[in-house]
Amino acid sequence: MGVTLGDTDNRDGLATDALKALADERRLAVLRMLSQADELCACRLLERLDISQPTLSHHMALLVSAGLVSAERHGRWTHYRLRRERVAQLAAALSQLAGETPSSPDVAVPAARKTLYLVGGPMGVGKSTVCRELNRMLPRSVLLDGDWCWQADPFQVTPETKALVLDNVCHALGNFLRCGAYENVVFGWVMHERAIVEEILARLPIAECGARVRWVSLVASEEELRGRIERDVDAGLREADAVERALAYLPLYRELGSELVDTTGRSPREVAELVTGVAKGR
């Protein structure tokens, strides 16, 4: 007795729309990128793929329709996530065709065991205290502050020192991600440019470790940020020009495409809870 296409799709998960969605190099590239991050903004996909907005929208619509990707609007940009359980179902069905005996394709893939938290923001916004709260709140966590990798006297910003510090950061983060003792890796640094974060991620064993990435930028109102830094200046903790430098950096974070968490009027604990709430998909 014959089997209809509909019966086959329902039985083994080999839906034709999913297979068609995979039959394009750019869509495969999107899936690879999404597999290495918990979520990506359309703006980042546009930059990496070097295609037009309408072309990207066409490809993403096919992936969403096939059930391989989910989409959620955040302001002016759509953010995409890989539906890992659907990909696992498809992979299991293909393995079955090859004569293998995979685990049941109806069983969802568990969430990534490790999470890398990248916490950026201008000086004075509270990165260090929030990261320490995350370190206390999260199970099996380890904290790396980027400034620890660059406490030199005199402090020199040159191509050589920047390359050195970035190499130190990536080496330490990579070791923490590979270490079985840790489930959550928290990294706090200024990270005011997208290129900095992208280079860090490109050099880390994200896929190898099955980790997901949460990139969060802490922001505050100008009044709040100015008040915090002025108090630090009065206490002798910062130089007088720190106020203007921090305020100049503040607008940059709103254009990065990262998750934004406003620290205005909030305690470090409250901000950390918001960050972990973002990380759990709200």
Asker: Judged by atom type as modelled, is there a donor-acceptor pair below 3.5 Å linking the side chain of N184 to the main-chain atoms of P139?
Answerer: yes

Asker: Any donor and acceptor pair, going by atom type alone, linking the side chain of T161 with main-chain N or O of Q156 inside 3.5 Å?
Answerer: yes

Asker: Among side-chain atoms of Q53 and S57, is any donor-acceptor pair under 3.5 angstrom?
Answerer: yes

Asker: Please list all pairs meeting salt bridge (charged side-chain N to carboxylate O under 4.0 Å, His left out) that have one or both residues in residues 232-246, counting only residues at least two apart or in different chains.
Answerer: R226-E244, D232-R238, D241-R245

Asker: Using side chain to side chain contact (heavy atoms under 4.5 Å, CB included), reason through L138 and T115 one step at a time and then give a plain yes or no.
Answerer: CA-CA 10 Å; L138 296 168; T115 300; over 6 Å; no

Asker: Between T263 (side chain only) and L218 (backbone N and O only), is there a donor and an acceptor less than 3.5 Å apart?
Answerer: no

Asker: Distance-only, no hydrogens or angles: does the R27 side chain make a donor-acceptor pair with backbone N or O of A21 under 3.5 Å?
Answerer: yes

Asker: Please report the C-alpha distance between F187 and V185 in whole Å, then the side-chain angles of each, then the deciding distance to 0.1 Å, and finally whether the side chain to side chain contact (heavy atoms under 4.5 Å, CB included) criterion is met.
Answerer: CA-CA 7 Å; F187 176 59; V185 179; 5.6 Å; no

Asker: Using modelled atom types and a 3.5 Å cut-off, is there a donor and acceptor pairing between side-chain atoms of S35 and backbone atoms of R32?
Answerer: yes

Asker: Under 3.5 Å, side chain of K127 to main-chain N/O of P122, donor-acceptor pair present?
Answerer: yes

Asker: Working to the nearest 0.5 angstrom, can you tell me the gap between S258 OG and R214 CZ?
Answerer: 10.0 Å

Asker: Any donor and acceptor pair, going by atom type alone, linking the side chain of E270 with main-chain N or O of S267 inside 3.5 Å?
Answerer: yes

Asker: Has the side chain of R140 got a donor or acceptor atom that lies under 3.5 Å from a matching backbone atom of G180?
Answerer: yes

Asker: Count the heavy atoms belonging to other residues, nucleotides or ligands that lie under 6.0 Å from CD of E223, then report whether that count exceeds 12.
Answerer: no

Asker: Below 4.0 angstrom, N of the basic side chain to O of the carboxylate: do D167 and R203 qualify?
Answerer: yes

Asker: Would you call E208 and R178 a salt bridge, using N to O less than 4.0 angstrom?
Answerer: yes

